[in-house]
Amino acid sequence: MSLGNAFPASFAQAQIARQLKAGMVIKLKTEMDDGQTLEKRFVVLDVSDDTLTCVMNSRISNFIASKPAKLKCQVMIDVASHDFMDHDSHIDCSRVRPYPTALVIDQLCKNPGWVLGQITEQLRDDICAGLKASVTTAVALTNKCCSSLEQAEL
């Protein structure tokens, strides 16, 4: 039994809720576009009723590579600057993915190791540029996400 298990669930939820903020990298288990449920890494863009995120992929898919508008929204996250990463990956900034914050907190409480780390200021700027290049994300949503990232303490 770990020390964390000695505390009430509400305490753990409050701690995770306090930590959950723009600029964090987390892992979630969620259903992806192809219907598969996977553990994936996400960059948190904003936290309110929904946690707004961009998904990370180990490689750029052929589908995205064949779409210039989506390809220019892929932002590399490197191991050299983010030691919590296992390998260089790509953040898909062509689309913002919302998840209910209560669901995110619940998953992170059950898996505290899924709170991975923070992005760098340079990556934050690159993500905002990728979001702004997206033709599928509403400008108001992009502005909200970039504003949250710019206000985050990284």
Side-chain angles (χ1 to χ4, degrees), residues 15-154:
Q15 293 303 310
I16 294 291
R18 185 181 54 77
Q19 290 179 49
L20 187 61
K21 62 182 180 176
M24 286 183 68
V25 175
I26 61 173
K27 192 185 288 190
L28 296 174
K29 188 172 186 176
T30 187
E31 186 175 322
M32 301 309 293
D33 296 335
D34 62 3
Q36 291 187 53
T37 299
L38 301 171
E39 289 179 13
K40 297 286 283 185
R41 292 174 186 225
F42 295 85
V43 174
V44 175
L45 307 173
D46 182 72
V47 180
S48 56
D49 289 340
D50 283 332
T51 299
L52 305 178
T53 68
C54 284
V55 69
M56 287 188 198
N57 295 301
S58 297
R59 61 177 184 78
I60 296 172
S61 71
N62 291 336
F63 173 78
I64 288 175
S66 69
K67 309 268 187 264
K70 289 190 180 293
L71 185 58
K72 69 181 177 181
C73 300
Q74 306 306 299
V75 175
M76 190 176 94
I77 178 170
D78 64 322
V79 174
S81 302
H82 302 88
D83 62 1
F84 55 85
M85 294 294 295
D86 299 329
H87 51 275
D88 294 347
S89 295
H90 301 274
I91 303 163
D92 181 5
C93 297
S94 69
R95 177 175 161 201
V96 174
R97 296 169 182 264
Y99 296 99
T101 296
L103 176 134
V104 172
I105 290 170
D106 183 57
Q107 284 199 32
L108 295 177
C109 284
K110 291 176 182 169
N111 306 286
W114 287 4
V115 176
L116 301 175
Q118 289 287 124
I119 61 171
T120 62
E121 289 182 16
Q122 179 61 56
L123 184 57
R124 175 200 59 203
D125 296 342
D126 294 346
I127 289 169
C128 285
L131 289 167
K132 290 175 182 176
S134 175
V135 296
T136 57
T137 303
V139 172
L141 184 58
T142 294
N143 290 340
K144 177 180 181 174
C145 293
C146 289
S147 177
S148 290
L149 283 169
E150 289 163 0
Q151 292 174 26
E153 294 179 25
L154 302 177

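- Across all non-hydrogen atoms, the minimal contact from Ser81 to Thr120 is O-CG2, 3.7 Å.
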Show the numbers, then the answer: is there a side-chain contact (heavy atoms from CB on, under 4.5 Å) between Leu116 and His82? CA-CA 10 Å; Leu116 301 175; His82 302 88; over 6 Å; no
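- Within the model, atoms CD1 of Ile26 and CH2 of Trp114 stand 10.0 Å from one another, a figure rounded to the nearest 0.5 Å.
- Applying the side chain to side chain contact (heavy atoms under 4.5 Å, CB included) test between Val104 and each of Leu28, Val44, Asp50 identifies Leu28 as the sole match.
- A heavy-atom distance below 4.5 Å is found between the side chains of Ile64 and Gln74.
- Between atom CG of residue Leu45 and atom CZ of residue Arg97 there is a gap of 11.5 Å, rounded to the nearest 0.5 Å.
- Residue Met56 comes nearest to Met85 through the heavy atom pair SD-CE, 3.8 Å, listed as atom of the first residue, atom of the second, then distance.
- To the nearest 0.5 Å, atom CG of residue Asp46 and atom CG of residue Leu52 are 5.0 Å apart.
- Between the side chain of Glu39 and the backbone N or O of Lys27 there is no donor-acceptor pair closer than 3.5 Å.
- Screening Asn143, Thr142, Leu141, Thr137 for a side chain to side chain contact (heavy atoms under 4.5 Å, CB included) involving Val139 leaves a single residue, Asn143.
- Atom CG of Asp106 is separated from atom OG1 of Thr101 by 12.5 Å, given to the nearest 0.5 angstrom.
- Smallest separation of non-hydrogen atoms from Ala69 and Cys73: O-SG, 3.4 Å.
- Scanning both residues, Ile60 and Ala65, for their nearest heavy atoms gives CG2-N, 3.9 Å.
- Checked against salt bridge (Lys or Arg N to Asp or Glu O under 4.0 Å), Lys21 has no partners two or more places apart in sequence or in another chain.
- Proximity of Cys146 to Lys132: side-chain heavy atoms (C-beta onward) are separated by under 4.5 Å at one or more points.
- Among all heavy-atom pairs drawn from Ser66 and Pro68, the shortest one is O-CD, 3.5 Å.
- Between atom CD of residue Glu121 and atom CD of residue Glu153 there is a gap of 11.0 Å, rounded to the nearest 0.5 Å.
- Side-chain atoms of Cys128 and Leu149, non-hydrogen and from C-beta on, do get closer than 4.5 Å to each other.
- Under the side chain to side chain contact (heavy atoms under 4.5 Å, CB included) test applied with Ile119, the options Asp126, Val75, Ile127 reduce to a single match, Ile127.
- A salt bridge is defined here as a Lys NZ or Arg NE, NH1 or NH2 lying under 4.0 Å from an Asp or Glu carboxylate O, and Asp92 with Lys40 fails to meet this definition.
- Counting heavy atoms from C-beta on, the side chains of Thr30 and Val55 never come closer than 4.5 Å.
- The closest donor-acceptor contact from the side chain of Asp78 to the backbone of Asp88 lies at 3.5 Å or more, if one exists at all.
- At a cut-off of 3.5 Å, with distance as the only test, no side-chain donor of Ser134 or Ser94 sits close to an acceptor on the other residue.
- The nearest pair of heavy atoms linking Ala17 to Ile105 is CB-CD1, 3.6 Å.
- At least one donor-acceptor pair under 3.5 Å links the side chain of Ser148 to the backbone N or O of Lys144.
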For Leu154 and Leu123, run side-chain contact (heavy atoms from CB on, under 4.5 Å): C-alpha distance rounded to whole Å, both residues' side-chain angles, the deciding distance at 0.1 Å, then the answer. CA-CA 10 Å; Leu154 302 177; Leu123 184 57; over 6 Å; no
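- Counting non-hydrogen atoms of neighbouring residues, nucleotides and ligands closer than 6.0 angstrom, the CG atom of Asp33 exceeds 12 such neighbours.
- We find the CD1-CD1 distance between Ile77 and Ile91 to be 4.5 Å, quoted to the nearest 0.5 Å.
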Given Thr51 and Met24, is the side-chain contact (heavy atoms from CB on, under 4.5 Å) satisfied, shown in steps? CA-CA 11 Å; Thr51 299; Met24 286 183 68; over 6 Å; no
